[in-house]
Amino acid sequence: MAESATKILLTEQVIRDKVKELAATIAGEYNGKNPVVVGILKGACIFLSDLIREMQIPCTVDFVRIASYGAKKETSGNITITKDLETPVKGRDVLVVEDIVDTGLTLSYFVEVIKQRQPATLRVCVLLDKPKRRIVPFSADYVGFSIEDEFVVGYGLDYNEKYRYLRDIRIVGSTD
Ligand code: PRP
């Protein structure tokens with residue numbers, strides 16, 4: 001199938017305004033706390049980069065990479081961490097930053113992993129939420145946009161590794 005990404009769902013300006021709004025809320029709640037901000041690679045890299053620069057509070061930044069081989073088809077999916085945090089989070093305030101929550105498998109798994117490490121607090125911020133796709137229950141603490149079940153790319157999100165660089169978020173469609 002040939003695909004295109006020409007239909008803009010969220011413009012650069014709309015995304016920027018939402019990131020500022022989220023950052024202001026988060027910065028207010030984490031004021032004086034020096035949280036560990038954890039990005040889940042690769043999709044979250046651009047959102048996290050913009051978010052922390054809008055937050056303007058001291059924080060530690062770290063990343064994990066989570067593989068989900070075959071996991072999206074079943075609730076007991078095979079999810080593993082292929083690159084772990086380098087920062088001990090015990091007793092720290094942890095903010096997980098993710099581009100999108102879809103089935104919920106990635107974040108529900110990762111939240112349990114972090115909880116076992118006994119952080120002082122743990123919250124999750126997602127830019128996009130696709131509630132209709134959920135196969136395990138998951139609610140983020142901070143949500144940018146709730147969207148319909150459409151395949152979206154740009155601003156870090158990919159289709160077969162394409163389109164992550166787009167400044168806006170677009171819907172992928174078939175050209176066939
Ligand atoms: C995407 C996205 C989330 C996950 C969400 O990652 O970045 O990590 O899927 O889906 P879920 O709620 O169904 O688990 P992907 O596996 O495409 O990797 P990437 O971030 O490297 O693009």
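In each ligand, atom 1 is the first atom listed, and ligand 1 is the first ligand listed. The shown structure was predicted, so the numbers you read here are calculated from the model rather than taken from an experiment. These numbers come from the heavy atoms of this one structure, side chains and all, not from hydrogens, waters or symmetry mates.
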- Closest to atom 8 (O) of ligand 1 (heavy atoms only, candidates E98, K42, E161) is E98
- Query: Who's closest to atom 11 (P) of ligand 1 heavy-atom-wise, of V101, T103, L127?
  - Reply: T103
Are any of the N or O atoms of [X] closer than 3.5 Å to those of ligand 1?
X	answer
R164	yes
G104	yes
G43	yes

If the threshold is 4.0 Å, N to carboxylate O, is there a salt bridge linking [X] and [Y]?
X	Y	answer
R134	D129	yes
R123	E29	yes
R117	D84	yes

- Can you sort out which atoms of ligand 1 are near I100, meaning under 4.0 Å from one of its heavy atoms? 2 (C), 3 (C), 5 (C)
- Hey, which atoms in ligand 1 end up nearer than 4.0 Å to a heavy atom of R65? 21 (O)
- Task: Could you pull out all residues at least two apart from Y165 that satisfy ring pair (Phe, Tyr, Trp, His ring centres under 6.0 Å)?
- Result: none
- Which is it for T106 and ligand 1 at heavy atoms under 4.0 Å: side chain, backbone, both or neither? both
- Item | Within reach of ligand 1, part of L41 (heavy-atom separation under 4.0 Å) | backbone
- Determine the sole option in I169, V143, I147, V97 for which the side-chain contact (heavy atoms from CB on, under 4.5 Å) test with L127 is passed. I169
Could you pull out every donor-acceptor pair under 3.5 Å between side chains of residues 33-48 and any protein atom, sequence neighbours left out?
residue : atom : partner : partner atom : Å
N34     : OD1  : C59     : N            : 3.4
K42     : NZ   : E161    : OE1          : 3.3
K42     : NZ   : E161    : OE2          : 3.4

- K18 charged N/C atom sitting above F145 aromatic ring, 6.0 Å / 45°: yes
